[in-house]
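Structure record follows, encoded as C-alpha cells.
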Number of protein chains: 2
Amino acid sequence: MTFDLKDCGTCPIRHRAVCARCESDELEILESIKFYRSFEAGQPVIWSGDSMDFVASVVTGVASLSQAMEDGRTQMVGLLLPSDFLGRPGREFAPYDVVAVSNLTLCCFRRKPFEKMMLNTPHIAQRLLEMTLDELDAAREWMLILGRKTAREKIASLLTILARREASLALQTAQSGTSFELPLTREAMADYLGLTLETVSRQVSALKREGIVQLEGKRKIIIPDFDLLVAETGDDADGGVMV
Amino acid sequence: MTFDLKDCGTCPIRHRAVCARCESDELEILESIKFYRSFEAGQPVIWSGDSMDFVASVVTGVASLSQAMEDGRTQMVGLLLPSDFLGRPGREFAPYDVVAVSNLTLCCFRRKPFEKMMLNTPHIAQRLLEMTLDELDAAREWMLILGRKTAREKIASLLTILARREASLALQTAQSGTSFELPLTREAMADYLGLTLETVSRQVSALKREGIVQLEGKRKIIIPDFDLLVAETGDDADGGVMV
DNA sequence: CGGAGTGTTGAAAACAGTCAAAGACAGTGG
DNA sequence: CCACTGTCTTTGACTGTTTTCAACACTCCG
C-alpha cells in the first residue's frame, strides 16, 4: 500500500466511497473519527451477533458477508470490494459473518460519531443512499442467478461479473483477452453461487476443456473471447442489466 | 378503501411510507405532486426498460418485481406490500417488470419534482435510506432461501414470512392458530422461490398431508402450530434474523 | 518427509424438473 | 339452469442435474 494512512486526499477509494461527496471541512471531521484496521486473508472481521461499534469502507482487498444455517450450510450474501461500505448506521449487532477473503484494509469510523455526523452532513447520507440502492440492484441480479440459473450459467455469470469489475477498476469495459486473479477459493465460489464446491470444480473444468476460459495455475483466469463467455451466462448479449 | 384520496392525514400507510417523517408543510408540497393509480390483479404496472416518470408508495395491495431471462425463466426479486416504495430517484428506466399481484393502489409522485424535493427535504432522504437498508436485508435473507434451502424449507420459509407480515400489520407477533389469505398463485410462489409450480404444489400438499398447515380452499392458509412450521424452515427457532 | 489446505475426478443417490393428464372452480353465454 | 371455456391446481411417471460420498493429486511449509 502506498497511500498515506492519515490523509484522505491521497486515499485510493476517495472518489467512490461513502465520503465521495464530502467537502474538505467535512473530511476533517471524518479524519478525526477514523482509524484503519487490517486483516489477513481468511481472518474473520466480525461474527453474526457481535456488537459492532464501527462502520467502515473497504480500502483494499475483498470481504464477504455470509449467513450460516445451524447445520452448516452457508450462503454468501454480499461481496465487498474496495470502496464498498460495511455496517449499518443505527444498528448495533452484526447480522452476518464478515470474513476477509483476501488481505484486507478497512477505513473504520466509530459508529456513534458517524451517526451523529450523518444528521448534519447530507453529503454522507446522500452518497450512502446511492450506494445502498446500487447494492440492492446487485443483490437482485444475484437472486436471479441463485434462483434460476444452471450450475454452468452460474459459473459463467460469476466470471463475467469479476471480469467486468476488474475492467472497471482500470476504467475500461471487459474485453476479449482480459485476465484476472480469482479472489475466491472454490468453496467461496460455491457459497456465492449456492452450489457445492465439487460442482464448481467440475463446471470450471468443463469451461476450460471447451476453451471458453483458460487457467494459469488454479487462480488466474484468462478469457480469450468475452462474448463466448457471456453467451454461457444465459443473459442477453448486452448483459441483461438495464441502466 | 375508505381513506380520503386527497388527504395525507387519513392515509393508511402514512406512518410507514417514505413520507413517514415529513412535517405538515412538507406533506403539502408532496400533495401537490402526487396522484393515485390503481391496477387490477394481474395487470402490468411497468415493463423492464420502460421509461418511468414517477416513483410511488404502495397504498393497498401487493406488487411484484421480477426479472425475466430470454428463454422465459423468471425470478421474482421483490415483493412490494403496503407502504413499500417503488422506483429509484435519479433513474429513468425501469430495470424490472412490475406486476400487480392483487388489486393495487399506488400513491405516485412525479419523479423530477420528487428528486428536486429530496435535495432540500432531508426527512424524505433519511426515511428512504432506512427503507432501502431494510429491503437490502430482506433481499439477503431471500438469497439464503434461494441458494441453500430445500423445496420444503423454501415453502415453509415463505409461509412463515407471510404469517409474520400478516401479524405485524395487526401489531402482533405470529402465533399458533393464525390464518391468512395467500396473495400469490402457485406460479408466483414458484417465481419467488426459484422452483417450478409443480414442486410448489407438491410441497404444499405434503405440508398439508402432515398437518403442518391446513388449507381452506386453495388460498387460505391456517397454521395450527407456528413453531412446527418454523421448524421446517431450517432456521433456528428465533427466526434466524438478528435485529 | 508428513500434514494441512486446496482442488479434481468418479460413481451412486437424491431431489427437483419435465412432460402429460385430469380435477376444481369461476365466469360466460345460450 | 347448464354446458362450455379458461385459469389455476393437483397428481403421476419419468428424466436429468446436482449433491453426496469417496478417493486421490498438487502445493506449500514446518
Side-chain angles (χ1 to χ4, degrees), chain A residues 40-43 69 71-75 99-102 145-159 181-210 213-221 232 234, chain B residues 40-43 69 71-75 99-103 145-158 181-210 213-221 232 234:
Chain A
E40 283 180 26
Q43 297 269 315
M69 294 171 68
D71 60 8
R73 281 176 284 174
T74 298
Q75 176 63 53
V99 175
V101 170
S102 65
I145 292 174
L146 288 173
R148 291 301 185 194
K149 292 196 176 180
T150 64
R152 164 182 267 251
E153 288 169 339
K154 285 178 172 180
I155 299 289
S157 298
L158 174 58
L159 295 179
E181 205 70 23
L182 255 186
L184 304 172
T185 65
R186 295 287 182 267
E187 188 180 16
M189 292 171 70
D191 285 344
Y192 188 117
L193 298 171
L195 297 171
T196 58
L197 65 89
E198 292 95 329
T199 301
V200 170
S201 180
R202 274 185 250 273
Q203 295 297 336
V204 171
S205 296
L207 290 176
K208 173 180 151 198
R209 204 179 314 124
E210 297 169 32
V213 303
Q214 291 161 16
L215 293 187
E216 239 179 65
K218 303 288 181 196
R219 292 294 193 85
K220 178 136 186 205
I221 302 280
E232 296 297 333
Chain B
E40 283 179 27
Q43 298 269 315
M69 294 171 68
D71 60 8
R73 282 176 283 174
T74 299
Q75 176 64 52
V99 176
V101 170
S102 63
N103 288 345
I145 292 174
L146 288 173
R148 290 303 184 193
K149 292 197 176 179
T150 64
R152 163 182 266 253
E153 289 170 338
K154 285 177 173 181
I155 299 290
S157 298
L158 174 58
E181 205 71 22
L182 256 187
L184 305 172
T185 65
R186 295 288 182 267
E187 188 179 17
M189 291 171 71
D191 284 344
Y192 188 116
L193 298 171
L195 297 171
T196 59
L197 66 89
E198 293 96 329
T199 300
V200 170
S201 180
R202 274 186 250 274
Q203 296 296 337
V204 171
S205 297
L207 289 176
K208 173 179 151 198
R209 203 179 314 124
E210 297 169 33
V213 303
Q214 291 161 15
L215 292 186
E216 238 179 66
K218 304 289 182 194
R219 291 296 193 83
K220 177 136 186 207
I221 300 280
E232 297 296 334

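By convention in this document, chain letters (A, B, ...) are assigned in the order of the sequence lines, proteins followed by strands, and residues within each chain are numbered from 1. What you see below is based on every heavy atom in this structure, not just the backbone, and it leaves out hydrogens, waters and symmetry mates.
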Legend entry - Residue list, salt bridge (charged side-chain N to carboxylate O under 4.0 Å, His left out) with Glu210(B), at least two apart or on another chain: Arg152(B)

Inset, instruction - Check salt bridge (charged side-chain N to carboxylate O under 4.0 Å, His left out) between Arg148(B) and all other residues, then give those that pass, not counting sequence neighbours. - result: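 Residues passing salt bridge (charged side-chain N to carboxylate O under 4.0 Å, His left out) with Arg148(B): Asp191(A).
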
Inset, instruction - Can you see which heavy atom on Lys154(B) is nearest to which on Ile145(B), and at what distance? - result: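 So the minimum-distance heavy-atom pair works out to CE-O, 3.2 Å.
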
Inset, instruction - Please check if atom CD in Glu187(A) has more than 12 non-hydrogen atoms from other residues, nucleotides or ligands closer than 6.0 Å. - result: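 Result for CD/Glu187(A): open.
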
Legend entry - Inter-residue atom distance Gln203(B).CD - Leu158(B).CG, 0.5 Å rounding: 12.5 Å

Inset, instruction - Quick one: pull up OG1 in Thr185(B) and OH in Tyr192(B) and give me the separation to the nearest 0.5 Å. - result: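 Answer for the OG1-OH pair, Thr185(B) versus Tyr192(B), is 14.0 Å.
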
Quick one: label [X] by what it contacts on the DNA or RNA (base, sugar-phosphate, nothing), any heavy atom closer than 4.0 Å.
X: Gly42(A); result: nothing
X: Arg152(A); result: nothing
X: Arg73(A); result: nothing

Using side-chain heavy atoms (C-beta onward) and a distance below 4.5 Å, is [X] in contact with [Y]?
X: Leu195(B); Y: Arg202(B); answer: no
X: Leu159(A); Y: Glu232(A); answer: no
X: Val204(A); Y: Leu215(A); answer: yes

Legend entry - Residues in contact with DNA chain C, drawn from residues 197-209 of chain A - heavy-atom cutoff 4.0 Å: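 By residue number: Leu197(A), Glu198(A), Ser201(A), Arg202(A), Ser205(A).
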
Rounded interatomic separation in angstrom, taking [atom1] from [X] and [atom2] from [N]:
X: Lys154(B); N: dC15(C); atom1: NZ; atom2: P; result: 14 Å
X: Lys220(B); N: dC25(C); atom1: NZ; atom2: P; result: 16 Å
X: Lys149(B); N: dC15(C); atom1: NZ; atom2: P; result: 17 Å

Legend entry - Any donor-acceptor N/O pair, Ser201(B) side chain to Leu197(B) backbone, under 3.5 Å: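 No, the answer is negative, given that no donor and acceptor are paired below the 3.5 Å cut-off.
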
Inset, instruction - Just jot down the side chain to side chain contact (heavy atoms under 4.5 Å, CB included) partners of Val101(B), sequence neighbours excluded, or say none. - result: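 Side chain to side chain contact (heavy atoms under 4.5 Å, CB included) list for Val101(B), sorted by chain: Val62(B), Ser64(B), Leu184(B).
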
Legend entry - Axis-to-axis angle between the two ends of the helix from dC1(C)-dG30(D) to dG30(C)-dC1(D) (five base pairs per end, rounded to 10 degrees):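 Its terminal axes enclose an angle near 20°.
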
Legend entry - Whichever of Lys218(A) and Thr150(A) has its nearest DNA chain D nucleotide further upstream toward 5':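 Mapping each residue to its closest nucleotide by heavy atoms, the 5'-most match is Thr150(A).
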
Legend entry - Opening and closing nucleotides of DNA chain D in contact with chain B, under 4.0 Å to non-hydrogen atoms: dT9(D) to dA13(D)

